[in-house]
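In each ligand, atom 1 is the first atom listed, and ligand 1 is the first ligand listed.
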Amino acid sequence: MKRIGMLTSGGDCQALNAAMRGVVKGLSHGVDELEVYGFNNGYKGLIYGDYRLLTSSDFSGILTKGGTILGSSRQPFKLMRVPDENGLDKVEAMKQTYYKLNLDCLVILGGNGTQKTANLLREEGLNIIHLPKTIDNDIYGTDVTFGFQSAINVASQAIDCIHTTAASHNRVFIVEVMGHKVGWLTLYSGVASGADIILLPEIPYDINRVVEAIDNRTKAGKGFTILAVAEGAISKEDAALTKKEYKDKKKKSKYPSVSYEIADQITQRTGTEVRVTVPGHTQRGGSPCPYDRVLCTRLGAAAAQAILEEDYGYMIAMINGETKRVPLGEVSGKLKVVDPDCKMIREAKTIGISFGD
Ligand code: F6P
């Protein structure tokens with residue numbers, strides 16, 4: 001008999017259901033009796049005892065279904081130790097729910113913030129297994145997170161569509177790709193779709209270099225230029241500011257996002273029309289791609305195996321094509337960023353892609 005709790009927390013992505021299915025299928029083949037408590041809307045469900053008892057049929061037919069059957073919400077880690085508006089101690093409340101249900105383990109699917117709370121609960125004595133979810137691919141200790149490949153497909157398709165219209169006009173196009181802190185999604189979708197300029201949070205740009213790259217294309221007879229710009233792309237001047245100065249500057253900015261600021265600067269310097277496309281949350285939507293379905297099935301099965309062995313306190317990672325149990329305490333709070341000097345960036349530069357640096 002196993003009694004597990006499960007929750008999905010933070011921004012959703014395409015393959016959450018596929019991962020939960022993998023865990024439940026793995027467990028139901030390993031034990032005679034299985035009880036799965038699904039907590040609604042992330043940690044909220046665990047804090048406020050909002051859950052439902054699920055059966056294996058709830059996990060049938062969801063391999064290809066986007067979103068999450070449990071719902072999700074953002075519960076910032078930094079507020080976990082802060083009592084709620086009614087004075088409730090959230091960490092104690094989560095522990096109480098866990099012990100009241102007499103759970104063997106809690107399976108937590110989420111990104112970096114979610115992982116920090118998962119690790120906190122582990123430190124508090126709960127049995128935890130974490131599965132690395134995010135389209136941002138920024139979780140330290142795993143080669144890849146689920147959602148990433150599906151989101152690359154969506155962002156690439158957006159850039160591909162811009163390509164055909166761009167070829168009909170003499171314009172500069174910016175596609176803003178998700179990722180405030182890291183540029184994995186922008187880098188991969190930009191390269192996959194032949195973007196000419198890729199701007200990432202990890203490589204602060206110089207607007208003069210960006211304009212230079214556009215001018216070079218114009219001189220070479222190319223009628224259009226496509227920029228893939230991460231939400232968190234930052235200029236060299238802004239990167240030199242303190243965090244607070246940068247935040248204040250952004251608050252006062254007349255632009256809805258960095259892409260519009262860059263568009264304005266390009267128009268001022270070149271007189272060229274610039275159009276901005278923001279695919280936004282479409283990047284987290286729709287059905288998971290086959291790569292993510294396989295990844296989640298494997299991570300889910302490996303999570304089930306750890307639970308069957310009663311080996312807890314891990315993130316189930318994918319490293320060099322193998323699933324691995326990585327101790328949560330070793331990875332929690334760390335971010336996996338794009339190394340500006342990595343081979344992929346150098347190769348992209350070799351074929352003429354500008355990073356605005
Ligand atoms: O962390 C995933 C992510 O999609 C980021 O890429 C994006 O910046 C953010 O979430 C958007 O968050 P929200 O859904 O809260 O607007």
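Glu330 is linked by a salt bridge (Lys or Arg N to Asp or Glu O under 4.0 Å) to nothing, counting only residues two or more places apart in sequence or in another chain. With sequence neighbours excluded, the residues that form a side chain to side chain contact (heavy atoms under 4.5 Å, CB included) with Thr64 are Ser287, Arg293. Arg3 meets the side chain to side chain contact (heavy atoms under 4.5 Å, CB included) test with Met1, Glu35, Tyr37, Asn102, Leu103, Asp104; sequence neighbours excluded.
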Between ligand 1 and the protein, which N/O pairs fall short of 3.5 Å?
| from | atom 1 | to | atom 2 | distance (Å) |
| --- | --- | --- | --- | --- |
| ligand 1 | 1 (O) | Asp136 | OD2 | 2.8 |
| ligand 1 | 4 (O) | Arg284 | NH1 | 2.9 |
| ligand 1 | 6 (O) | Asp136 | OD1 | 2.6 |
| ligand 1 | 6 (O) | Asp136 | OD2 | 3.4 |
| ligand 1 | 6 (O) | Gly179 | N | 3.3 |
| ligand 1 | 8 (O) | Glu231 | OE1 | 2.6 |
| ligand 1 | 10 (O) | Arg74 | NH2 | 2.9 |
| ligand 1 | 10 (O) | Arg284 | NH1 | 3.0 |
| ligand 1 | 12 (O) | Arg74 | NH2 | 2.9 |
| ligand 1 | 14 (O) | His281 | NE2 | 2.9 |
| ligand 1 | 14 (O) | Arg284 | NH1 | 2.9 |
| ligand 1 | 14 (O) | Arg284 | NH2 | 2.9 |
| ligand 1 | 15 (O) | Arg74 | NE | 2.9 |
| ligand 1 | 15 (O) | Arg74 | NH2 | 3.4 |
| ligand 1 | 16 (O) | His281 | NE2 | 3.2 |

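A donor-acceptor contact closer than 3.5 angstrom links the side chains of Ser150 and Asp292. Using a 3.5 Å distance cut-off with no hydrogens or angles, the side chains of Arg298 and Thr323 do not pair a donor with an acceptor. In this structure, a donor-acceptor pair under 3.5 Å is present between the side chains of Asp138 and Asn112.
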